[in-house]
Amino acid sequence: MSRYKWRDLLDINSKTKAYCSPLSCIAHIDINAFFAQVEQIRRNFSVDDPVVCVQWNSIIAVSYAARKYGITRMDSVFDAFKKCQNLVPVHTAVFRKGEDFWQYRDDCGSWYTEEEKMLTPEKNKVSLDPYRRESRKVIKIFHEWCDLVEKGSVDEVYMDLGRIVFSDLLFSDEFDDFVSIRDQFKNGQYDLDDYLPPLPRNLTISFKDGEDYNPDKNPVFQDWDDILFCLGAMTTDKIRQKIKDVLGYTTSCGVARTKTTAKLGSNFKKPDAQTVIRNSNVADYLDNESFELTSFWSMGGIIGKELSLLLELPSEKPLRHIRESWPVSSDDLTAFIKEKTQQKTTDNERFYSLPAESLQQLSDKVFQLARGDYRTTLNPRPMIRSMMSNKNLRGDSCRHYQDCLAWLEVFSGELIGRIKELEQEYERIFVPKTLTISTRTPGFQRHSRSSGIATGGRIKAKDLMELGTKLVKELDAKYGSTKDYYPLTNINMVISNFEILESGRTIIDMFGKQAQVVRKSGDDFLEVTDERLQPDESGTKRVLRCEPCKLDFDEETAFKEHSDFHYAMKLSESLNGVNEDSKNLSYGERKLLFSGLKRNNSGPKQSDNKKRQITGRNGDIYKYFNK
DNA sequence: TACTCACAG
DNA sequence: GGCTGTGAGTA
């Protein structure tokens, strides 16, 4: 006889109830060393190349190949080189001060001078757009499988596998193991409060080697929760395989009853592995792998540390100590915390001030965390509230009004790019109604100015620029002459109060008239065919003209590069994620596409700025001037 | 609503 | 350690 009831099983078929069921099945997946993997694939390095992702002189992500040399995120690039001669540092994309588009500088050729190529924080702002974009592609794959996905951050998600494992158990043709319970279910021979039948004999499904955390080698299938976890793990395995095949990223995954334990599980084996923490093994997992209260998500900071002190947790198996000291309910734990906090000391002042209500919540949480049974819902990402583009300034990179304007260009470009991506993701139009500019002085004083945005329809970079300029002017007029204003130490632009409109037009409508992608047989390259991009035969001299850009090209290679640029723009603009074309491409082909993305979709705008065409040896064609 | 703080990655 | 993002609490 099972410990679980039919009600528990049926609950996991409900998005709203599943997380509460004792049979809940939650997965956490994170992409290993995400930024480093993005750069490794973009630049066509192998998984064995010790790639690190770099921002200025700091390392912000370390590939697993680089970790073998003992390189960590704390190392500077310089230190890392000392540990590994063959280090492959790849800098993030950047916005250049005064430009409203980001680009990777690693492969962009010679149109910048050496001085300009230097990636310094004084003249550049890091762009994380490439990672957000890749993240979206990954998350889209999760959504193809799972009806309830929570984006934890740019590189991790939670999935409620309830409906998947429910239907695997009761309906899937793939498994013959469950005929008995299926018959019972189909014929309605059960009551919600009946216990589930005993497990079938001779099960054919099984965990993959090592994915079931099972140090004591207990019988693997003791009850239906074990079966469901196994089915869940089979699904996450397929999802992760798909991500690897289509996008190239390796991931780590944990499957367990709650979000927090699933997250601890995904961290257990890295990279490219998954771990199931079955309910019968949770306590052992928490104790044997030396987890502490502070190991849980949201407990990593001051609260967790002070709580640990307050509860006088031993360093050895602190979570077992919690379970054994407060075995019955959280009430005793609450009482203990109350008593402790009333002995006011400097250490626990913060708890002293906690209202009784949140104290009860906190102790419930601790009680459940220690048992691997702290249940929280999976929250789909709420609609956007605001969007900020921010720059911390050092030295004198913003010493007057004109410098502010140069950074405004960057902010406008970044925010417009992000709005565009949002619009594609949600198939809506996002119109911000408020714009705020804030500055911070060398004395860390903050000043800000806001204004309503009155645009008819979609907002443009120009709109942000104009309004932003007005606000920067106001700030400059009021504070600019005071002694302690310039050079600014921070400036940022925030757009908020979004109006979200239905977009009647689909992506295809917006881009359908433009370039079509065709594959030339026997050629690995993808080319753009568009009447406006066709070469113009005139007399002896062949002029290659790009009509939308009003640019002529003498050399075919330059023109081809330019076409590729359009293609890359089209690709990145029209595709929110994995498109139908790239789905069917091989890994190598997909990488080829990716490596074509040298700059972002904003690009220099013909109408907004003067620019001069120069011939870059590597085919890059723009030099961009402000005045 | 604006601002700060805590926490995470 | 630099940077970005979120949610909760507060005035």
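In what follows, every chain begins at residue 1, and chains take the letters A, B, ... in the order their sequences are listed. Below, all heavy atoms of this structure are taken into account, side chains as well, without hydrogens, waters or symmetry copies.
- The shortest distance between the side-chain N/O atoms of Lys125(A) and the OP1/OP2 oxygens of dT4(C) is below 4.0 Å.
- Across all strands, Met388(A) comes closer than 4.0 Å only to sugar-phosphate atoms, never to a base (heavy-atom distances).
- Using the six-membered ring where Trp is involved, Tyr158(A) and His28(A) have ring planes that are tilted, between 30° and 60° apart.
- The side chain of Arg394(A) sits closest to dC3(C) out of dC3(C), dA6(B), dA8(B).
- Rounded to a whole Å, the CZ atom of Phe95(A) is 11 Å from the P atom of dT4(C).
- Contact check, Arg132(A) against dG5(C): a side-chain N or O comes under 4.0 Å of OP1 or OP2.
- Checked against Glu156(A) for a salt bridge (Lys or Arg N to Asp or Glu O under 4.0 Å), the options Lys263(A), Lys151(A), Lys259(A) give a single hit: Lys263(A).
- Lys263(A) comes within 4.0 angstrom of the backbone, heavy atoms only, and of no base.
- In the set dG1(C), dA6(B), dT4(B), the nucleotide with an atom closest to the side chain of Ile60(A) is dG1(C).
- Distances were taken from every side-chain heavy atom of Trp297(A) (C-beta onward) to each of dT4(C), dC3(C), dA8(B); the shortest belongs to dA8(B).
- Taking the charged nitrogens against the carboxylate oxygens, Arg257(A) and Asp373(A) do have a contact shorter than 4.0 Å, which makes a salt bridge.
- What separates CD of Gln361(A) from P of dG9(C) is a distance of 9 Å, to the nearest Å.
- With dG9(B), dA6(B), dG1(C) as the choices, the nucleotide that has an atom nearest any side-chain atom of Ser153(A) turns out to be dG9(B).
- Residues Tyr485(A) and Thr439(A) have side chains that bring a donor and an acceptor to within less than 3.5 angstrom of each other.
- Taking only side-chain nitrogens and oxygens, Trp56(A) never comes nearer than 4.0 Å to OP1 or OP2 of dG1(C).
- Counting to the nearest Å, the C1' atom of dT4(C) and the CD atom of Gln55(A) are 10 Å from each other.
- In this structure, CD1 of Ile491(A) is placed 15 Å from P of dC3(C), rounded to the nearest angstrom.
- Cation-pi check for Arg428(A) over Phe430(A) is not met; the charged atom does not lie both under 6.0 angstrom from the ring centroid and within 45 degrees of its normal.
- Across dT4(C), dC3(B), dC3(C), the shortest atom-to-atom separation from the side chain of Ser448(A) is found for dC3(B).
- Nucleotide dG5(C) holds its P atom 10 Å from the CZ atom of Phe35(A), rounded to whole Å.
- Phosphate proximity of dG2(C) to Asn392(A): absent, as no side-chain N or O sits under 4.0 Å from OP1 or OP2.
- Mapped onto DNA chain C by nearest heavy atom, Ser389(A) and Ile59(A) fall at different nucleotides, with Ile59(A) at the one closer to the 5' end.
- As a whole-Å value, the separation of Ile31(A) CD1 from dA8(B) C1' is 16 Å.
- Using a 4.0 Å cut-off between a side-chain N of Lys or Arg and a carboxylate O of Asp or Glu, Asp463(A) and Lys460(A) do not qualify as a salt bridge.
- Separating the CG atom of Asn390(A) from the C1' atom of dT4(B) is a distance of 15 Å, rounded to the nearest angstrom.
- In this structure, Arg73(A) reaches the bases: a heavy-atom distance under 4.0 Å links it to at least one base atom across the strands shown.
- As rounded to whole Å, 20 Å separates atom P of dG5(C) from atom CG of Asn379(A).
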